[in-house]
Protein chains: 2
Amino acid sequence: MAATIKDIARLTGLGLATISSYINGGNVRKENKEKIEAAIKELNFEVNEVARGLKTKRTKTVGVVIPELNNKFCTDIITAMEDILRNHGYATIVCDCRTDRELEKRAVEFLYRKRVDGIINMPVGCDGSHLDCFRKANIPVVLIDRKINGIDCDYVLVDNLAAAKNAVMSLIGVGHSRIGMIGGPTDIYTAQERLLGYKLALMEAGIVPDEGLIEHGDYTINSGVHCIERLIKNNPDMTAVFVANYEMTMGAVIGLNELGVRIPDDISFIGFDSEEFARACRPKLTIVTQPTAEIGKKVAEIILQRMEKPQAAGPADFKLIKLQTKLVEGSSVKRII
Amino acid sequence: MAATIKDIARLTGLGLATISSYINGGNVRKENKEKIEAAIKELNFEVNEVARGLKTKRTKTVGVVIPELNNKFCTDIITAMEDILRNHGYATIVCDCRTDRELEKRAVEFLYRKRVDGIINMPVGCDGSHLDCFRKANIPVVLIDRKINGIDCDYVLVDNLAAAKNAVMSLIGVGHSRIGMIGGPTDIYTAQERLLGYKLALMEAGIVPDEGLIEHGDYTINSGVHCIERLIKNNPDMTAVFVANYEMTMGAVIGLNELGVRIPDDISFIGFDSEEFARACRPKLTIVTQPTAEIGKKVAEIILQRMEKPQAAGPADFKLIKLQTKLVEGSSVKRII
DNA sequence: TTAAGAAACAGAAACGTTTCGGCGGAAAGT
DNA sequence: ACTTTCCGCCGAAACGTTTCTGTTTCTTAA
């Protein structure tokens, strides 16, 4: 049905190699160039990238596997990344694995079969065995946001420990000591780091962390609602709370609204990630923001470099990039000293 | 580098056709089956989908072109859709075209070159010429959310007119008559329909629409902020406002917060799309919600059907599905009669 | 004018799979 | 006993490119 290079060779009376050369920017006599262009227009010819990919062994496609498409942090990163990749001629296949290890493994294998030129993954679990096929075939792998065991590759991370520590220190600085935390799943790297930052801040201030003030959600809105409800119920003396991702921040705000608890009069609040949501709250929330655009940019740059270079020779020259967060002040924290 | 079907044919001493047959679920003697499985394991063989795609002329991939990945309405739909497509063995290539007609056209052509088996598009403009290559090649096209000119294909839409009309009628029902509207770009179908619904509701109630009460944003958070600022400034007598998408709803809430205007005491408010955001506002917002999961499901079903069937024979048997919205009551509307 | 060198072109092979036509042998029917 | 049927298997051809190896044509300088 669709026109091929052969059709336009026949129509122009030229050889296959000439047409191919023209398509790939090679030199062709002006007269022939015009003939080819006319034929392409007439037949609506468009290169078949599938055939090209088979021959060249490069699909100009990168795979992206993330836990949830429905997560602002993920889509913000992907948006920035895809923009750069596309400008370099690469397509992006995004697979959302619903925070499911088994689906993640299947997504990775699927992308391998599709022969993507590189893969970017925000891993769900804490080991990297699902990426074995890429490692064995020496295809570039870049991991984002979460560090995991048993895999050597490039990383783009955020300094979560400092992020949480700074947030909690700022609460301590204005007099809070009974500070609650809504953290993520215990087996996720970012959640561990943020929890550690929380505890370190307390300990450096001479406060002993109280497990009763710590709740673990699963990075969803609903879990944010439930965690804040439990925290409020179990800790009447809690004066502030720190929430460690966007979705749970939204959930916690919902929970507080529905319980009738006022920010910052009844409780001081520091959330995570979305400046827009922070502004939409009354009063404006103080939040930790992550540099999503920069993460996307770095990831794209690294994987492009790996894909263009023949193959990285050295075994251990992998990059580990750690970006810093910012604390954006709102009016959700009350001074109590 | 990677193992091929030939390698495992050589290793097992069997023929190419037998291996292919095994891979595709055909009948192979038990004894040979075991040999093949052993060889596959030993060589880490995975089918090369690029080669398969070239031969079969089906890539098991569908393309999706949307205006913004960074838009909850879009990602909600994609999430639902991708789930179903993946369960049927189809991959999804998502292209975000930044609400740019030129980028949209390039994305579509890119996907055509990739030989996707079908394409799903939430169109940016109001004509369908960018999809010509797909139409000519008789490859299924499904459009979502926005109706455009000059193209016959399947559609999955939302009844935007009724959505807006019902929202505005509910405001009128509790005594409002100076009702502002923040709508979308005038060249976008959904924006036109929502504006029409707004005007119809007013006119049926005997109220003459006042252009001074209508602002057009561009479906972004920032435009929501600016529109609400202008509305408030220009219309001291306005008692209610209806905002016609999620991002602008968020923007309008931000704007009202920053102006110190109270919902619902100073102004009644009906927003759009996100139930979670509505709950996170204090007081909870009344909003129009769209059935994103159902849209995704319908789209997936339709395109799957078109891709599996050889080709739709009849010229004009295209589906046009129109789904209904819901009005979710919050406490952001004040009764003033 | 001609030889040499470069530029433009042509054809065939290859990429890894599916599929078509055929073939041998075992089971089933006469 | 024989044909017939069917199953499992094989090899070759094809999908639409790129690329390698030559061949022809054009330039240029002696």
Side-chain angles (χ1 to χ4, degrees), chain A residues 1-37 39-40 43-61 89 91 110 112-117 133 137 139, chain B residues 1-37 39-40 43-61 89 91 110 112-117 133 137 139:
Chain A
M1 191 72 228
T4 76
I5 232 180
K6 278 182 193 163
D7 296 322
I8 80 168
R10 203 176 309 133
L11 195 63
T12 56
L14 295 166
L16 283 181
T18 309
I19 315 295
S20 177
S21 168
Y22 168 84
I23 290 172
N24 293 289
N27 278 334
V28 178
R29 256 207 307 265
K30 197 173 181 187
E31 161 202 352
N32 288 333
K33 199 178 281 194
E34 285 160 4
K35 266 202 249 175
I36 295 176
E37 279 159 4
I40 286 180
L43 299 180
N44 282 116
F45 170 80
E46 293 273 357
V47 170
N48 183 329
E49 294 281 0
V50 178
R52 177 182 275 176
L54 175 61
K55 182 62 197 177
T56 61
K57 293 170 178 288
R58 314 193 62 222
T59 54
K60 289 285 207 165
T61 304
F110 172 82
Y112 180 74
R113 270 178 267 129
K114 286 259 176 218
R115 294 299 188 271
V116 296
D117 297 337
C133 51
I139 300 169
Chain B
M1 192 70 228
T4 76
I5 231 180
K6 278 182 193 163
D7 296 322
I8 80 167
R10 203 175 309 131
L11 195 63
T12 56
L14 295 166
L16 283 181
T18 309
I19 315 296
S20 177
S21 167
Y22 167 84
I23 290 172
N24 293 290
N27 278 334
V28 178
R29 256 207 307 266
K30 197 173 181 187
E31 162 202 352
N32 288 332
K33 198 177 282 193
E34 285 160 3
K35 266 201 250 178
I36 296 177
E37 279 158 4
I40 286 181
L43 301 180
N44 283 115
F45 170 80
E46 294 272 357
V47 169
N48 183 328
E49 294 281 359
V50 178
R52 176 182 275 176
L54 176 61
K55 182 62 197 176
T56 62
K57 293 169 177 286
R58 312 193 63 222
T59 53
K60 289 284 206 168
T61 303
F110 172 82
Y112 180 75
R113 271 178 267 128
K114 286 257 175 221
R115 294 298 188 271
V116 294
D117 296 337
C133 50
I139 299 169

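Order of the sequence lines sets the chain letters (A, B, ...), proteins ahead of strands, with each chain counted from 1.
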With sequence neighbours excluded, what pairs up with A:Thr4 under the side-chain hydrogen bond (donor to acceptor under 3.5 Å, both in side chains) test? none
Partners of B:Ile5 by side chain to side chain contact (heavy atoms under 4.5 Å, CB included), sequence neighbours excluded? B:Leu16, B:Ile19, B:Ser20, B:Ile23, B:Phe45
Please confirm whether the shortest side-chain N or O distance from B:Ser20 to OP1 or OP2 of C:dT17 is below 4.0 Å. no
Separation of D:dG16 atom C1' from A:Asn24 atom CG, nearest Å, is 13 Å
Can you pull out every salt bridge (charged side-chain N to carboxylate O under 4.0 Å, His left out) where at least one residue sits in residues 10-28 of chain B? Sequence neighbours excluded, please. B:Asp7-B:Arg10
Test side-chain hydrogen bond (donor to acceptor under 3.5 Å, both in side chains) applied to B:Thr12 - qualifying residues, sequence neighbours left out: none
May I ask you to say what A:Leu14 touches in the nucleic acid, namely base, sugar-phosphate or nothing, with a heavy-atom cut-off under 4.0 Å? sugar-phosphate
B:Ile23 CD1 to D:dG8 P, in whole Å, measures 17 Å
Tabulate atom names and distances for all N/O pairs under 3.5 angstrom spanning the protein and nucleotides 20-28 of chain D.
none

Given D:dC15, D:dT17, D:dC9, the nucleotide with the shortest approach to the side chain of A:Lys55: D:dT17
Test log, rule side chain to side chain contact (heavy atoms under 4.5 Å, CB included), inputs A:Arg52 and A:Asn24: CA-CA 11 Å; A:Arg52 177 182 275 176; A:Asn24 293 289; 3.5 Å; yes
By nearest atom, which of the nucleotides D:dC15, C:dT17, D:dG8 is closest to the B:Lys57 side chain? D:dC15
Measure from NZ on A:Lys35 to C1' on C:dA10 and round the result to the nearest Å. 14 Å
Contacts of type side-chain hydrogen bond (donor to acceptor under 3.5 Å, both in side chains), residue A:Arg58, not counting sequence neighbours: A:Tyr90
Tell me, please, which residues at least two apart from A:Arg115 pass salt bridge (charged side-chain N to carboxylate O under 4.0 Å, His left out). none
Distance check, rounded to the nearest 0.5 Å: A:Tyr112 atom OH versus B:Asn44 atom CG? 7.5 Å
What residues form a side-chain hydrogen bond (donor to acceptor under 3.5 Å, both in side chains) with A:Lys35, not counting sequence neighbours? none
Separation of D:dT18 atom C1' from A:Tyr22 atom OH, nearest Å, is 18 Å
Side-chain N or O of B:Thr18 closer than 4.0 Å to phosphate OP1/OP2 of D:dC10: yes
Check each residue of residues 44-54 of chain B for a non-hydrogen atom within less than 4.0 Å of any atom in DNA chain D, then write out the ones that pass by number, or none. B:Leu54
Rounded to whole Å, please give me the gap between CD1 in A:Ile40 and C1' in D:dT17. 14 Å
Grab the NZ-C1' distance between A:Lys60 and D:dT18 for me, whole Å please. 15 Å
Using atom NZ of B:Lys6 as one end and atom C1' of C:dT18 as the other, report the distance to the nearest whole Å. 13 Å
Specify the separation, in whole Å, of atom CG of A:Asn27 and atom P of C:dA7. 8 Å
